[in-house]
Amino acid sequence: MTSNTRVVVIGAGLAGVRLARRLGELGTPALLVGDEEHAPYNRVLLAEVLAGRYAPEVITLPPPAGLLRTRVTGVDRDARTVSCADGMSIAYDTLVLATGSNPVLPPLRGLFTPDRRLPEGVHAFRTLDDCLGLAKAVRPGIRAVVIGGGLLGVSAARALAVRGAQVVLAQQAERLMERQLDPDASRLVRHHLTDLGVEVHTECRVRDVRCVAGAVRSVELADGYALDADLVVLACGVRPRTGLAEQAGLAVRKGVLVDDELRTSDPHIHAIGDCAQHDGTVYGLAAPALEQAESLAELLAGDAGARYRGTRSLTRLTLTGPGSPFDLAAFGETEARPGDDVVRLADATRGTYRKVVVRDDRLVGGVLVGELGTVGALARAWEGAEPLPGDGPLLHLLTNDGGS
């Protein structure tokens, strides 16, 4: 069976759905092909589903007009067709890879069963099925070990603790969320998790998963100490999903290489979102993926001047639980270099922390914990990359919302 469609988008995540919907609005219908059985959903909110704050249907995305559920198995660039697991062949004029990323599964002894499956009780945390499996397994008092203390690991640990699990978070780096936060902000995140009952271990490497009768029972640390575990959550980062692109012979490094038109080494194939590498960067975040989708939609709908120049993206996380929510935001370079100016305001009583880094009269980064009323004004000053006025505006930016 063969169908003919001008634009075919592989991947029904945030980037693929946004592109297909936007193309439809611009009068250029697209066929969106997704391999998950669920309706498209917002992956950013999976931790809120795990915490019980949202039902799964709440995070569903409005579907585009053309949505096909099947798994793409190959791309024939000469024939300009994609083949699917169900035997269907789909012709394209323009193909867009929005295949996203896969969870990184660490090289731990005992992590896989003989048939290369994860043991009972060991879960990745990337898809809605992962989330629903975890939500079904978690119950008050269950012993859970989260491996990885980045954005995903912190979110998962908080969600499991809110559900009543006894949670241990094992982070190999010296602090939580070390890619986004400076030491002071990271310390506040640790205190928040500790207040929820999470036991946090940093500079801690897991080397072994111990199972009995195919089910996890403990994890062993590099120093020989064992942590009892009924549940293990793997939150060790993600890796661009580039298998289709590699099989098709496209240029791939960390991700699928694209130019400012988000075009791969084949002029008829584009790539966006987590799988794409633009100007040396694989973002792996929602905001750049959506921005890429908007730029590509304009280009494919006929705006020959549309270009993607990169995204200056802000990381934002809200941790809910007992008491008031814990908000944080980080952008740019949160660690100062020699010669940089730093302004820092901390209020231990209110649990707030604000810091900005200025280099050559330009705001190059910042981190805020607690009340985020100023984040809009700071982000605009950072995104604009313009010299700051010379009348000492930083304290004003840190203490006023700037109309945001």
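By convention here, the first residue in the shown sequence is residue 1.
Inspection of the D129 and T127 side chains reveals no N or O donor paired with an N or O acceptor under 3.5 Å. Side chains of D327 and T318: a donor on one and an acceptor on the other come within 3.5 Å. Side-chain N/O atoms of T202 and Q171 include no donor and acceptor closer than 3.5 Å. Side chains of Y41 and E36: a donor-acceptor N/O pair is present below 3.5 angstrom, by distance only. Checking R80 against H268 by side-chain atom types alone, a donor-acceptor pair falls below 3.5 Å. No side-chain N or O of S218 forms a donor-acceptor pair with one of R143 less than 3.5 Å apart.
The pair D208-R217 does not meet the salt-bridge criterion, since no charged nitrogen lies less than 4.0 angstrom from a carboxylate oxygen. No salt bridge links D130 with R126; every basic N to acidic carboxylate O contact stays at or beyond 4.0 Å. Residues R307 and E298 are not paired through a salt bridge, judged by the lack of any N-O separation under 4.0 Å between the basic side chain and the carboxylate. Looking at D360 and R337, no side-chain N of the basic residue comes within less than 4.0 Å of a carboxylate O on the acidic one, giving no salt bridge. A salt bridge links E335 with R175: the closest approach of a Lys/Arg side-chain nitrogen to an acidic carboxylate oxygen falls below 4.0 angstrom.
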Inset, instruction - Output, in order, the C-alpha distance, side-chain angles, deciding distance and verdict of side chain to side chain contact (heavy atoms under 4.5 Å, CB included) for L181 and T334. - result: CA-CA 6 Å; L181 303 182; T334 59; 5.8 Å; no
Inset, instruction - Let me see the working for I269 and Y92 under side chain to side chain contact (heavy atoms under 4.5 Å, CB included), right down to the final yes or no. - result: CA-CA 10 Å; I269 303 179; Y92 66 84; 3.9 Å; yes
Inset, instruction - Could you walk me through whether D182 and Y353 pass side chain to side chain donor-acceptor pair (under 3.5 Å), step by step? - result: CA-CA 11 Å; D182 70 349; Y353 173 76; 2.5 Å; yes
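When each of T60, I59, L132 is tested with H38 by the rule side chain to side chain contact (heavy atoms under 4.5 Å, CB included), just one qualifies, namely L132.
Ring pair W382/F331 is tilted by interplanar angle, where 30° to 60° counts as tilted.
Within a 6.0 Å sphere centred on CZ of R69, other residues, nucleotides and ligands contribute more than 12 heavy atoms.
The salt bridge (Lys or Arg N to Asp or Glu O under 4.0 Å) analysis of residues 186-197, with sequence neighbours excluded, yields the pairs D184-R187. Contacts classified as salt bridge (Lys or Arg N to Asp or Glu O under 4.0 Å) and involving residues 144-153 (residues at least two apart or in different chains) are not found.
When side chains are defined from C-beta on, R309 counts as touching D260, because their heavy atoms get closer than 4.5 Å. Between P64 and R21 the shortest side-chain heavy-atom distance falls below 4.5 Å.
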